[in-house]
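Note sheet for the following structure.
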Amino acid sequence: MSKTVHIKTYGCQMNVYDSTRMRDVLAPLGYSETDDAETADLVILNTCHIREKAAEKVYSELGRLRDVKSARALNGKDMMIAVAGCVGQAEGTEITRRMKSVDLVFGPQTYHRLPELLKLRQETGQSVVETEFSVERKFDDLQSTPQAATSVAAFLTIQEGCDKFCTFCVVPYTRGAEFSRPVVQILGEAEKLALKGVREITLLGQNVNAYRGAGDDGQSNLARLVNQLSHIKGIERIRYMTSHPRDMSDDLIAAHAANKKLMPFLHLPVQSGSDRILKAMNRGHTATHYLKIIERMRNARSDMAISGDFIVGFPGETDEDFEATLDLVREVQYASAYSFKYSTRPGTPAAERQDQVDEVVKSERLVRLQKLIAEQTARFNVSCVGKTFAVLLEKPGRQTGQLIGRSPYLQSIHIEGENLKIGQLVNITIKSVGPNSLSGQYTPNQ
Ligand code: 5AD
Ligand code: SF4
């Protein structure tokens, strides 16, 4: 019987991958996707727990869905509500206690069992909460369900979890310890994607460069995995995120110099430019260590574009500490970066500290940092005008004949594309810079 599912995805790319895989496991049960939560038979909120009020936002969304569910019940129609992802993992039975309309709660490590959980819900008439941890079993199970591959660029999770315990972060508690998938499993998934027309793969992990999956001859690492993936026919581009400075190995840096399929883009969060704050964050690296990595990356590939994450207003952060962050940003010259105000996450060590920074101060610092980053992004984009580089054509643009692709540096490029097709990797010369994208023109090889 045909049914519809609506999945709302919050947070990081790993959640985007998980949502894709939920669609894959639901398809054999007759579920097709709908954009409309109001008419869906099953609504899944795939949630993120990383920043403040995440859980509260989920509860208010659940309040809206409860009303939709009641209205549908009046018309004799059923609707199931599921909470997945990190809020599901962290809150567990608290969700079904507070929200009687919720049918299913499960975490990032249990969504492969969705068909079974739905069946259990139907048979018992009770809500089902499943938040056990077994990443290994999840990936083994998922192997039998290939990714549907709806685009020429796909995500592929290779590693999950975190053992680093930065003092501000909930990830080690919601996603668990670091786990790496075996090499054969990843190669298998990538080969299937390539057969479906995927040309670019982004390898995902909370600490993707800590990848240590089992290979043919013992433990592998990210550099070796990238090199193996680059031999798969059809795979033209490889990316990875997010990395940790502590796990940036020499051979990964070398892979950027040697492997042309590995894109010259590095998302490397630093969080702060102050060594005092980095220490309090338990980051395990200094600002100098971070800058050294960037320098080595740029020596390996001169066109390397750098991205990062920052937190302003970590407990105890002084004006001087914040100035050190601005100095680091000036030194790196980012192509893009994300920045956030520190928010207390219950259960994390930094949340217990008495020296929390005033909200007004945090806001002022965030504005200053974001202004500096925006200037750098604009400068980076303008520096691309007149340059020609390979762009992977990913989807149609809004206007007829227009296509949207991505540069090696992850910029979105609009192209007037007569005779061009999605999936092609073509030379594009950048003509102009818009607020959120660049425009370019097809430049055939001479
Ligand atoms: N407060 C603010 N930002 C946070 N991040 C993680 N935890 C917090 C927190 N408690 C940010 C970090 C991380 C990104 C994914 O989210 O910058 O790299
Ligand atoms: Fe969180 Fe730090 Fe682990 Fe990243 S490295 S997931 S910020 S604890």
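Just the heavy atoms: all of them, side chains too, but no hydrogens, waters or symmetry mates, feed the values below. Sequence positions, counted from 1, serve as the residue numbers for this chain. In listed order, ligands and their atoms are each counted from 1. Everything numeric in this text was worked out from a predicted model, so none of it was measured.
- Close N/O approach between Arg345 and ligand 1 is not found [any backbone or side-chain N/O within under 3.5 Å].
- Counted by atom type alone, Thr174 and Gln89 present zero donor-acceptor pairs between their side chains at under 3.5 Å.
- Residue contact check: Gln271 has heavy atoms under 4.0 Å from atoms 12 (C), 13 (C), 17 (O), 18 (O) of ligand 1.
- The backbone of Lys341, and not its side chain, has at least one atom closer than 4.0 Å to an atom of ligand 1 (non-hydrogen atoms only; backbone = N, CA, C, O).
- Applying the side chain to side chain donor-acceptor pair (under 3.5 Å) rule to Tyr338 yields no partners; only residues at least two apart in sequence or on another chain are considered.
- Not less than 6.0 angstrom separates the ring centroid of Tyr111 from the ring centroid of Phe106.
- Polar contact with ligand 1: present for Phe168 (N/O pair, distance under 3.5 Å).
- With a heavy-atom cut-off of 4.0 Å, Phe340 touches ligand 1 through its side chain alone.
- Using modelled atom types, no side-chain atom of Lys164 and backbone atom of Gly284 make a donor-acceptor pair closer than 3.5 Å.
- Between Tyr342 and ligand 1, no pair of N/O atoms sits closer than 3.5 Å.
- The side chain to side chain contact (heavy atoms under 4.5 Å, CB included) check on Glu352 picks up nothing, with sequence neighbours excluded.
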